[in-house]
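The structure under discussion appears below in the form of structure tokens.
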Amino acid sequence: MNALRKYLDKIKPNFEEGGKLHAFRSVFDGFETFLFVPNTTSKSGVNVHDAIDSKRIMIFVVIALLPALLFGMYNIGYQNYAAAGVDGTFWEMFGFGLLAVLPKIIVSYVVGLGIEFIVAQWKHEEIQEGYLVTGILVPMIVPVDCPLWIIAIACAFAVIFRQGNFRRYGYEHFQCRFDYPCVPVLCLSYGNERRCLLGG
Amino acid sequence: MTEVNVIPEGDDVHEIFGWIMPRFNDYSSSRAYMSWLMGKKEYALDARVKGGERHMIMSGEYDRVFPMDIFPEQLVKAIITGDIDRMEALGIYEVAPEDFCLV
């Protein structure tokens, strides 16, 4: 642990203003705070703070969502095997659901966090953890046959509109986690469904 | 009576994986920290903020711990947006900075 801390301290100047890797400052900062709790101290006013921070809040929301996610994976496999009229073991069903859902989670996080990293770097901010929750909610609310490109658009839409444009205070009514991913997902899924129904 | 409390600065402490470790020794009013399992325990508080600068999350934490009958989170937002009328309406004159020290 100490060696890791020393290594981070050693490479940190590269990411500061004027360093050769300054373009990746937000990424380094995100990685550093992922490994170690920031030990900056309060400079004025009240000195004692509650230990809660947004990384902890968001990760605990994700943990709370995991049972529903895991059951959803099992259920997808179960429905598939039931529809096919084939007997499957628990792990076969779960595996089927896992393989159906995992690409959605990966696409959601890669697209969303990618945009989040770029925006944070561009605006010289720290990376916000809000997307950790959004990124798991989006794959959980879409239908299982939802194409990956719809999820990619939904995530990009959610991050850009929710976190990019309306980040300022006093605009909370624009900051709902669900609304923005829902818009393209619903539009595009509805379009897909209609096409299927019309035999197109 | 004047009372002076001295607490450690804490900037020499490096806690690893703070987002997932149980963290029995960190005081929090939230149960996201496992220190609530330890019952009544004495904590060595320090001056660390234990986080970076983020946008405000409406979590209801203030409402839970605030002794006064006001809307603390709405008040903080009014202060951030600089809306003086709303600050007065929400009771800015009744609070001191120390009232908000928990979070």
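Model, not experiment: these values are computed from the prediction. Just the heavy atoms: all of them, side chains too, but no hydrogens, waters or symmetry mates, feed the values below. Convention: sequence-line order gives letters A, B, ...; per-chain numbering from 1.
Under the 30°/60° scheme for interplanar angles, the aromatic rings of A/Tyr81 and A/Phe96 are found to stand perpendicular. Ring-plane geometry between A/Trp91 and A/Phe94 is classed as perpendicular, the angle between the planes exceeding 60 degrees on a 0 to 90 degree scale with a lower cut at 30.
Using a 4.5 Å cut-off between heavy atoms, B/Asn5 does not touch chain A at all. Of the two parts of A/Leu35, the backbone and the side chain both hold a non-hydrogen atom closer than 4.5 Å to a non-hydrogen atom of chain B. Within the 4.5 angstrom heavy-atom criterion, atoms from both the backbone and the side chain of B/Val49 approach chain A. Both the backbone and the side chain of A/Phe34 come within contact range of chain B, with heavy atoms under 4.5 Å apart.
Side-chain polar atoms of B/Lys41 and B/Asn25 form a donor-acceptor pair below 3.5 angstrom.
The aromatic ring centroids of A/Phe90 and A/Tyr74 lie less than 6.0 Å from each other.
No other option in B/Gly18, B/Ser35, B/Ser28 has as many heavy-atom pairs under 4.5 Å with chain A as B/Ser28.
The pair A/Glu32-A/Lys12 meets the salt-bridge criterion, since a charged nitrogen lies less than 4.0 angstrom from a carboxylate oxygen.
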